[in-house]
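Worksheet: the structure to be examined is printed underneath.
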Amino acid sequence: EEDAELPDAADDGADGESGEDGDGFESEWDADGGDADDTGDGETEADGDAGTGCVHGATCTAVSPGVCLSGACALRYLGEGTGDRFGRRVSLAPWQDGLVSDVLVGAVFPWPGVLGAGYHLSTSGARRHVWLGAPSEGLGDAVAAGSDADGDTHRELLVGGSQLGVSGAGGRVHVYDAADGVELLTLSAPTAGEAFGAAVAWGADATGDGFDDFAVGAPNYDGGSGAVGRAYLYNGISHARAATMDGARSGAAFGWSVTVAPRSVWSGATGGGVLAGALLEPAGGRAQAGCAYLYVNATTTRDLVWWDCGADTNWFYGTSVALADDLDGDGHEEFAVGAPGYLANTGRVFVYDATGRVAYDWSGETPDAEFGFSVSAGPDATGDPGAVGDIVVGAPGHGADRGRVYLYAGESGAVFRAWDGEELGDRFGTAVSLGGDADGDTLADVLIGAPDHSGDTGAAYLLRSVDW
């Protein structure tokens, strides 16, 4: 297998300044229509919906156990003890007729000696299944709740344990049946030390058999040239490895973030593939600028059709990636890449169309906000006339690590809602997931992780569209 070659000059999609970023804010210091540090505490309007709202941080009764976040009542799930870091990874299963919405949360305890855990929860707050990792496994380092790929009415849930802090360990991905919690199989790292399972993602058919597939990232894969990283595409029915893609440069950590890319994501593609981030790649001599790569036709010619990199040092471009809906009506999905290190960690997110053109360019509000640390795209959550899918972006460093999460309308690129973390230091928005329909209103909901809540116990919050 040949590694991808990165040209000397990156594509111009992430290189230039954009001026107006189209985020819908009148000021880059104001996310919700109130004061710069407004968290909804005592204000009658906190999240931009012109409603009366509730008092931020107070108990609310629309759901139970409920807590008010920027005027909206959120269902709160809590970790079990200090140091759990519950909510470091989250996934909300896509809506599917006849199936309940599944909530999947990872809790990764501090290295070394970490066990880790994956939590399978209901949208009513009940705990359905809990899986504990083996010693030093780091189970819950990545989670992905899929659809019912094969029509047996059972979703499949992926939980990764990358063993990232264990010398020589390879990592694993466990596949569980959502109905009964039984482990269906375990996928182990093909080579030692590659941190297989640091990222996992379900997505639409990329292998051509008509069923959903999944991707796995292994950012420590060596390949003889020092942690170039690797991404794998797996068939969702057979669980067989369908394709392998390697990073371009030593130390790039390619595969830190992954998502499945169906054939329709790129104009002219005949087969699907993988979008993967390499957040540490020293592009053009720019240390930790970061890059992202889109491969299509993965099971045949494995074509690298698009790539881009951070325009300066320490952008960490590729920390997060997501596949969006068809936002512009051209028959092709868009895709998003986060660069939380941009401009003194203010952060930035780029949304690209099927030709690699920048469709939207959004930035954080303040230095150290880390806007773009997480990004997720899914079905329509805003109820716009075209029922176009939307995008959620996390900024866990915003407001002294309180954290802020933004819901962008895919049709316009404007901010539709913004929510702040419950307390200072929570790092609310470390993980985000847009999907499901817990309230039955036909609109997608949002799941948000805050792993540093309450002494690193951690929390996750489900915001139902009916409660916005």
Side-chain angles (χ1 to χ4, degrees), residues 22-25 31-33 46-51 53 62-63 66 68-75 90-97 99-104 123 144-145 147 201-204 259 320-329 333-336 338 349 351 359-360 362 371-372 374-395 403-420 428-429 431-449 460-468:
D23 63 2
F25 299 147
D32 55 15
D47 64 356
D49 64 358
V63 291
C68 183
L69 299 179
S70 299
C73 191
L75 177 64
V90 300
S91 180
L92 183 58
W95 182 87
Q96 195 167 3
D97 190 26
L99 295 179
V100 298
S101 293
D102 290 283
V103 173
L104 198 55
T123 55
S147 61
W202 275 101
T259 192
S320 57
V321 297
L323 184 78
D325 202 350
D326 176 12
L327 305 182
D328 55 11
E333 293 88 349
E334 274 64 47
F335 56 95
V349 169
V351 181
Y360 297 129
W362 304 315
F371 177 88
S374 59
V375 61
S376 178
D380 180 27
T382 60
D384 53 61
V388 172
D390 301 311
I391 299 175
V392 173
V393 179
R404 178 171 281 178
V405 171
Y406 307 81
L407 171 61
Y408 287 88
E411 192 168 43
S412 65
V415 169
F416 184 78
R417 292 286 184 271
W419 303 281
D420 288 328
F428 176 81
V432 296
S433 182
L434 176 63
D437 179 20
D439 48 26
D441 66 352
T442 74
L443 298 176
D445 304 317
V446 179
L447 182 65
I448 302 168
Y461 302 84
L462 177 62
L463 284 151
R464 308 182 308 169
S465 54
V466 72
D467 297 319
W468 299 343

When rounded to the nearest 0.5 Å, the distance separating CG of Leu463 from CG of Asp445 is 8.5 Å
Criterion side-chain contact (heavy atoms from CB on, under 4.5 Å) on Phe428 and Leu69, from CA distance to verdict = CA-CA 11 Å; Phe428 176 81; Leu69 299 179; 3.8 Å; yes
Please determine which of Val466, Leu462, Thr123, Asp467 meets the side chain to side chain contact (heavy atoms under 4.5 Å, CB included) test together with Asp439.
-> Val466
What is the minimum heavy-atom distance between Ser320 and Gly372, and which atoms define it?
-> OG-O, 2.7 Å
How many angstroms lie between atom OG of Ser465 and atom CG of Asp437, to the nearest 0.5 angstrom?
-> 6.0 Å
Mind listing the closest non-hydrogen atom pair of Pro94 and Ala145 along with its distance?
-> CD-O, 3.4 Å
Measure across Val375 and Ala336 and return the closest heavy-atom pair with its distance rounded to 0.1 Å.
-> CG2-CB, 4.1 Å
When every non-hydrogen atom of Ile391 is compared with those of Ala324, the smallest separation belongs to CD1-CB, 4.2 Å
Any side-chain heavy-atom pair from Thr259 and Phe335 closer than 4.5 angstrom?
-> no
Taking Asp390 as the fixed residue, which of Leu327, Asp384, Leu443 is the one that meets the side chain to side chain contact (heavy atoms under 4.5 Å, CB included) rule?
-> Asp384
What's the spacing between Asp325 CG and Glu333 CD if we round to 0.5 Å?
-> 7.0 Å
Examine the side chains of Thr382 and Asp380 and answer whether a donor and an acceptor come within less than 3.5 Å of each other.
-> yes
Under a 4.5 Å cut-off applied to non-hydrogen side-chain atoms, are Arg464 and Val63 in contact?
-> yes
What distance do Leu447 atom CG and Ser91 atom OG have between them, rounded to the nearest 0.5 Å?
-> 8.0 Å
Heavy-atom pair of closest approach, residues Ala72 and Trp419 = CB-NE1, 3.9 Å
Any side-chain heavy-atom pair from Val415 and Leu407 closer than 4.5 angstrom?
-> no
Is any NZ, NE, NH1 or NH2 atom of the basic residue among Asp420 and Arg404 found under 4.0 Å from an Asp or Glu carboxylate oxygen of the other?
-> yes
Less than 4.5 Å apart, any side-chain heavy atom of Ser70 and any of Arg417?
-> no
Proximity of Phe416 and Tyr406 rings by center, below 6.0 Å | no
Reported CG-to-CD1 distance for the pair Leu434 and Ile448, which is rounded to 0.5 angstrom | 10.0 Å
In short, Pro385 meets Glu411 closest at the heavy-atom pair CD-OE1, 3.7 Å
Is the shortest heavy-atom distance from the side chain of Tyr461 to the side chain of Leu75 under 4.5 Å?
-> no
Measure the OH-OH distance between Tyr360 and Tyr408 for me, rounded to the nearest 0.5 Å.
-> 11.5 Å
